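Working notes, beginning with the structure itself.
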Amino acid sequence: NVPNGDGAGQGGSSARGHGSSGVGSGSSAESYRRRHEITVTGDNVPPPFTSFEATDFPSEILREVQHAGFSSPTPIQAQSWPIALQSRDIVAIAKTGSGKTLGYLIPCFIHLKRRRNNPQLGPTVLVLSPTRELATQIQDEAMKFGKSSKISCTCLYGGAPKGPQLRELVRGADIVVATPGRLNDILEMRKVSLHQVSYMVLDEADRMLDMGFEPQIRKIMKEVPARRQTLMYTATWPKEVRKIAADLLVNPVQVNIGNVDELVANKAITQYVEVLSYMEKHRRLEQILRSQEPGSKIIIFCSTKKMCDQLARNLSRQFGASAIHGDKSQGERDHVLNQFRTGRSPVLVATDVAARGLDIKDIRVVINYDFPTGIEDYVHRIGRTGRAGATGVAYTFFSDQDAKHASDLIKVLEGANQRVPAEIRDMSSRGGGMGRSRRQWGSDSSSGGRDGGRGGRYDSGYGGRDG
Ligand code: ADP
Ligand code: MG
């Protein structure tokens, strides 16, 4: 159950070491990087920690890692840990599920050991995260792995009363994990000071920008001392993220896992794509659900809150489905996620926004009832399964309306060695498939078609965008 880690250095080929006696750290670093598709840019990048033994982490941290049953660092951890421990800025780009959270948390614990401030005067470490769910997951991970290091960590997020969060802040925390909207509110109330922050993390930077948090992030960064270490973690590397990295980081080392120029889906996920009309989707969905092992955790994505509710209603009795989207109250969302996590309600119907970044264990199947608005979301959605070394399955319903995504989808499928249905190739070669779409949609259009159900109702907010 280990993501791409393999105790490197043992079975590595010696192709590069010929002639020399003893494999220098340079060449074993190179071979580890090659094997794990790690590329680094920057001056004097230290070699990766190819095993936990090589990390030299304090024993209390190693104890927690062992306790979690991890056998080796994931590639992003292996390469970003030694860089982070040199107190350098870092941009780490790796797909969802690759272990990025501990990639910044463990160096953060060590940073805290070296430099402990009075937590009551403000945090030493600040982590920005796009959503409440992610923020609390990070906090959980920090509490778990930082337990023996005796770190304190608190969370600030929107959609919940400020009172309890403020009270915890006053009690003091080494690490504050916050969504940008809520942190800004609290900064404006002058209830927290960031003047002690010397370790700053932007997690899921691409998601935060997608959600429109750039202005808040920039405002927050003005309050964080310039003498600091800044770490940015992201699953994708689009222009906007590059820009903000260039503005906020100083001479960062960049670490990429896999090829980031193209979107790369996890090869452990089997991707099925079926071309279906709007009318055919529901029947096919039930068929797929019936064919799963009882109790398997399944996420169904659709593009509107309305469709989410409707599907969950239709599927609730037979399959134990429930819905999560931005119109649900925090209480409802917590409840739904809990029911899902514990397997009491094993089918979750979600919009993209509501499902962003959730690390829910053992999701077997992702179903794209509606194709997302872009291929990046496709890769993110299917990345909910196949995490941490497990295998997963993704079913995608693709209709003529989605023809504009056909060529992007082909690239992703091919990149992960998946079968590309002939119909998808047809659509792509026809460059949009309009002709066919009109014909085939003729009989369906009385239903209002999918656009009728979607117009302007994307789940674009997240509980009032975190505020
Ligand atoms: P990302 O932030 O890249 O999406 P996460 O940090 O959420 O990924 O990690 C995904 C899962 O992998 C988590 O359940 C985490 O506990 C687990 N994990 C992290 N590091 C390791 C490791 N070295 N070996 C095995 N599992 C790990
Ligand atoms: Mg993450």
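All residue numbers in this chain count up from 1 along the given sequence. From a predicted model like this one, the values you see are computed outputs, not experimental measurements. In each ligand, atom 1 is the first atom listed, and ligand 1 is the first ligand listed.
Polar contact check, Gly97 against ligand 1: a nitrogen or oxygen pair lies under 3.5 Å apart. Looking at ligand 1, you won't find any N or O of Leu102 less than 3.5 Å from one of its N or O atoms.
Nearest-residue assignment for atom 22 (C) of ligand 1 (options Phe145, Tyr104, Phe70; heavy-atom criterion): Phe70.
Listed by number with element, the atoms of ligand 1 under 4.0 Å from a non-hydrogen atom of Ser98 are 1 (P), 3 (O), 8 (O). Atom numbering of ligand 1 starts at 1 in the shown order; those under 4.0 Å from a heavy atom of Thr96 are 4 (O). Close contacts between ligand 1 and Thr101 involve ligand atoms 2 (O), 5 (P), 6 (O), 7 (O) [criterion: under 4.0 Å to a heavy atom].
Ligand 1 lies less than 4.0 angstrom from a heavy atom belonging to Lys95. For the pair Glu141 and ligand 1, a heavy-atom separation below 4.0 Å is found.
Between Asp370 and Arg381 there is no salt bridge, since no side-chain N of the basic residue sits under 4.0 Å from a carboxylate O of the acidic one. Ion pairing of Lys328 with Asp309 is present here, as a side-chain N (NZ or NE/NH1/NH2) and a carboxylate O approach within less than 4.0 Å.
Between Arg33 and the options Ile257, Val45, Thr50, a side-chain contact (heavy atoms from CB on, under 4.5 Å) holds for only Val45.
Legend: salt bridge (Lys or Arg N to Asp or Glu O under 4.0 Å) pairs involving residues 217-229, not counting sequence neighbours, sorted by first then second residue: Glu188-Lys219, Glu214-Arg218, Arg218-Asp247.
Counting only N and O atoms by type, the side chains of Gln330 and Arg132 include a donor and acceptor under 3.5 Å apart.
Proximity of Ser72 to ligand 1, defined as any heavy-atom pair under 4.0 Å, is confined to the backbone N, CA, C and O atoms.
Scanning for ring pair (Phe, Tyr, Trp, His ring centres under 6.0 Å) contacts around Tyr395 gives Tyr272, with sequence neighbours left out.
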